[in-house]
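To start, the structure itself, in structure tokens.
Chain naming here is simple, since letters A, B, ... match the order of the sequence lines and numbering starts at 1 in each.
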Amino acid sequence: MQISLPFKYDFDRALERLAGDPVNAVDLQKREVRIPMEEGNIVSLRGLGSTDSPSFLIDNVLDDAQLQKVKSIFHFDRRLDTIAEHFKHTDLGQLFIDHAGTPLVKSFSLYGTLMKNIIHQQLNLTFSHVLTMRFVETFGDNQDGVWRYPNPDKIAALEVDNLRELQFSGRKAEYVIGLSKAIVEGELDLTKFDHKEDEEVICEMVAHRGVGPWTAQNFLMFGLGRPNLFPIADIGLQNALKQVWGLDRKPTKEEMMERFPDWSPYLSYAALYLWRSIE
DNA sequence: GACCAGGATTGCT
DNA sequence: AGCAATCATGGT
């Protein structure tokens with residue numbers, strides 16, 4: 001199955017971003033990522049064209065529903081040129097020229113992205129990737145060289161010490177186990193968020209111990225692919241804005257929020273391109 | 001050796 | 001309501 005897009009799409013950049021997380025099965029030379037699907041099979045997505053003329057080869061999809069799911073993960077239906085145009089006359093205009101075609105790619109597993117976001121809280125990226133990798137290697141499974149996050153029931157059954165052994169903090173271990181229990185017991189249903197407003201999802205999520213605004217906003221961005229979130233507590237975004245605005249300190253919450261009306265309804269893309277600017 | 005990392009919670013004023 | 005301490009560990 002081959003498809004092409006009528007707008008700039010930097011697939012290599014998307015792959016580099018995915019490759020930043022060692023859990024993902026990315027081959028930069030072959031321009032390929034293999035995606036472990038919920039249905040059990042592994043879909044292969046390979047880039048064929050260029051950023052200006054993007055096309056893709058999709059292999060091993062079971063049916064049309066799954067094809068739509070893959071397209072949705074990579075946002076092949078979301079016009080990046082329209083979004084760049086929106087930022088043209090804002091303070092972030094240059095970013096959208098420098099990194100044109102950078103897409104917002106969703107993670108492959110809702111539960112996985114929640115666990116990953118918890119694990120990544122407040123830690124530097126290198127160490128947090130070590131932790132997520134240990135988590136997946138210890139409790140997930142490997143199918144044909146592709147790692148898959150475990151099911152929540154497996155984590156819900158753990159003791160704090162099982163995660164302490166992987167060098168989780170005691171508190172982080174409690175969060176991860178507690179949230180997994182909430183999912184198993186049906187108190188937290190990640191699959192029912194699709195038709196709810198951002199604010200409603202955030203409200204429900206932060207009611208659970210371990211989930212704060214940053215984690216809920218990241219889940220909405222990278223789990224559900226929502227276009228209009230800006231995790232204001234994020235140190236990386238603060239540092240990126242410090243650089244873009246030429247400040248000698250990190251910007252205040254108020255200074256950042258002042259720009260929201262200009263960036264909206266694409267706050268997620270403002271965040272994505274700001275992260276891109278400091279990578 | 002201090003201080004900060006792509007934070008959240010708890011306890012204290 | 002707002003602030004400080006706490007958490008594990010790696011990098012600077």
**Request:** Take atom C1' in C/dC3 and the same atom in B/dG6, then report the distance between them in whole Å.
**Result:** 23 Å
**Prompt:** Taking atom P of B/dA8 as reference, at what distance in whole Å does atom CG of A/Leu114 sit?
**Reply:** 12 Å
**Message:** Can you tell me if A/Gln122 touches the phosphate of B/dA5, counting only side-chain N or O atoms and a distance under 4.0 Å to OP1 or OP2?
**Reply:** no
**Asked** Below 3.5 Å, does any donor atom in the side chain of A/Arg171 face an acceptor in the base of C/dT6, or the other way round?
**Response** yes
**Message:** Before you tell me yes or no, could you show the steps for A/Tyr111 and A/Tyr149 under ring pair (Phe, Tyr, Trp, His ring centres under 6.0 Å), namely the whole-Å CA-CA distance, both residues' side-chain angles and the distance that decides it to 0.1 Å?
**Reply:** CA-CA 8 Å; A/Tyr111 172 68; A/Tyr149 277 89; 7.2 Å; no
**Pair A/Asp81 + A/Lys8, salt bridge at N-O below 4.0 Å** = no
**Asked** Starting at CH2 of A/Trp214 and ending at C1' of B/dA5, how long is that distance when rounded to a whole Å?
**Response** 11 Å
**Message:** Between B/dC3 and C/dA4, how many Å separate the two P atoms, rounded to a whole number?
**Reply:** 14 Å
**Request:** Give a yes/no answer on whether the side chain of A/Thr215 brings an N or O atom under 4.0 Å of OP1 or OP2 in B/dA8.
**Result:** yes
**Request:** Please state how far atom CD in A/Gln121 lies from atom P in B/dT9, giving the value in whole angstrom units.
**Result:** 7 Å
**Request:** Check the distance between B/dG6's C1' and A/His129's NE2 and give it to me in whole angstrom.
**Result:** 10 Å
**Prompt:** Checking all strands, does A/Arg276 fall into the base, sugar-phosphate, or nothing category for heavy-atom contacts under 4.0 angstrom?
**Reply:** nothing
**Asked** Do you see a donor-acceptor pair shorter than 3.5 Å between the side chains of A/Asp234 and A/Gln217?
**Response** no
**Presence of salt bridge, A/Glu16 and A/Arg13, under 4.0 angstrom** = yes
**Asked** A/Met205 CE to B/dG7 C1': how many Å, rounded?
**Response** 14 Å
**Prompt:** Looking across every strand, which nucleic acid part, if any, lies under 4.0 Å from A/Lys116 by heavy atom: base, sugar-phosphate, or nothing?
**Reply:** nothing
**Prompt:** With a 4.0 Å cut-off on heavy atoms, is A/Glu279 in touch with a base, just the backbone sugar-phosphate, or nothing at all?
**Reply:** base
**Request:** For A/Ile235 and B/dC3, give me the distance from atom CD1 to atom C1', rounded to whole Å.
**Result:** 13 Å
**Request:** Measure the acute angle between the ring planes of A/Trp263 and A/Phe260, then classify it against the limits of 30° and 60° as parallel, tilted or perpendicular.
**Result:** tilted
**Request:** Under 4.0 Å between any heavy atoms, over every strand shown, what does A/Val206 touch: base, sugar-phosphate, or nothing? Just pick one.
**Result:** nothing
**Prompt:** B/dG6 C1' sits how many Å from A/Leu267 CG, rounded?
**Reply:** 17 Å
**Asked** Taking for each residue the nucleotide of DNA chain C bearing the nearest heavy atom, is the 5' side occupied by A/Thr126 or by A/Phe168?
**Response** A/Phe168
**Message:** Once you apply a heavy-atom cut-off of 4.0 Å, does A/Pro213 come out as touching a base, just sugar-phosphate, or nothing?
**Reply:** sugar-phosphate
**Message:** Can you tell me how the ring of A/Phe11 sits relative to the ring of A/Phe56, calling it parallel under 30°, perpendicular over 60° and tilted otherwise?
**Reply:** perpendicular
**Message:** Any side-chain N or O of A/Lys172 below 4.0 angstrom from OP1/OP2 of C/dT6?
**Reply:** no
**Request:** Please figure out whether A/Val211 or A/Trp275 has its closest DNA chain B nucleotide nearer the 5' end.
**Result:** A/Trp275
**Item:** Integer-rounded Å distance: C/dT9 C1' and A/His120 NE2
**Value:** 14 Å
